[in-house]
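Structure, as structure tokens:
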Amino acid sequence: MLRSERGVVLLEVIIALTLLTVSGLSMIAIIASGLETQRQVRRHERELLAADRVLAAYALLTRGDLDLRLGRRAVGEFQIGVQRPEPTLYRVGISPGDAPDVELLVTVLYRPVSP
């Protein structure tokens, strides 16, 4: 093997190792990003499950209980907004405590007027 050929082979090995290093670091960054996204999704899912439990509890309230809860109030980690757009309808919206303008869950409940 000629001396100049050995230098070319060494250069090719250095270039190959550089490419492997860059692609390996890129894969690590992609995996880290995927894991962070998965953590965020799990946290959001837990938040939605907790909001669903609160909403289910509000769905069991009577007309009188809902009337007492009209307006916005803090319930645990959430802000609950109860409105009465019609005499027999109640709108219940659940927002995170730190972002009251963003509603996680909303439902409309029908409660007939007692005769």
Side-chain angles (χ1 to χ4, degrees):
M1 192 181 271
L2 296 173
R3 185 176 205 118
S4 64
E5 288 178 1
R6 283 190 296 197
V8 171
V9 170
L10 180 60
L11 183 61
E12 288 177 350
V13 169
I14 290 173
I15 291 172
L17 287 175
T18 302
L19 290 173
L20 281 173
T21 302
V22 168
S23 63
L25 291 174
S26 297
M27 288 300 293
I28 289 172
I30 289 170
I31 290 170
S33 174
L35 290 173
E36 178 60 29
T37 300
Q38 186 179 22
R39 277 192 288 275
Q40 289 175 354
V41 167
R42 284 186 180 158
R43 185 175 59 243
H44 187 64
E45 184 180 19
R46 281 193 302 272
E47 185 179 39
L48 282 175
L49 287 172
D52 183 55
R53 285 193 295 273
V54 172
L55 190 62
Y58 266 72
L60 296 174
L61 295 176
T62 64
R63 180 181 177 83
D65 292 334
L66 287 169
D67 283 337
L68 292 174
R69 289 169 174 81
L70 287 174
R72 280 193 96 59
R73 65 185 63 223
V75 175
E77 62 188 280
F78 301 108
Q79 288 283 327
I80 311 295
V82 179
Q83 301 168 346
R84 189 174 54 203
E86 299 287 331
T88 57
L89 297 179
Y90 292 86
R91 182 188 185 277
V92 180
I94 299 180
S95 303
D98 57 349
D101 296 335
V102 178
E103 291 184 318
L104 295 172
L105 297 173
V106 176
T107 191
V108 176
L109 304 171
Y110 172 74
R111 298 294 184 264
V113 178
S114 300

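Using modelled atom types, one side-chain atom of S95 and one backbone atom of V102 make a donor-acceptor pair closer than 3.5 Å.
Hydrophobic clustering of Ile, Leu, Val, Met, Phe, Trp and Tyr side chains at less than 4.5 Å, counting indirect connections, unites L48 with Y58. When hydrophobic clusters are built by joining Ile, Leu, Val, Met, Phe, Trp and Tyr residues whose side-chain heavy atoms come closer than 4.5 Å, directly or via intermediates, V75 is grouped together with L66. One hydrophobic cluster, built from ILVMFWY side chains closer than 4.5 Å, cannot hold both L19 and M27; they sit in different ones.
Residues R39 and R42 form no side-chain contact, since every pair of their non-hydrogen atoms from C-beta on lies 4.5 Å or further apart. Inter-residue side-chain proximity for L104 and E47 is flagged as met; some heavy-atom pair is nearer than 4.5 Å. Taking 4.5 Å as the limit, some side-chain heavy atom of V113 sits within range of a side-chain heavy atom of T88. Counting only heavy atoms from C-beta outward, the side chains of V82 and I80 approach each other to under 4.5 Å. Side-chain atoms of R72 and P100, non-hydrogen and from C-beta on, do get closer than 4.5 Å to each other. Using a 4.5 Å cut-off on side-chain heavy atoms (C-beta onward), I94 and V106 make no contact.
Taking T37 as the reference, nothing meets the side-chain hydrogen bond (donor to acceptor under 3.5 Å, both in side chains) condition, with sequence neighbours excluded. In this structure D67 satisfies the side chain to side chain contact (heavy atoms under 4.5 Å, CB included) test together with R63, L70, R84, Y90, sequence neighbours excluded.
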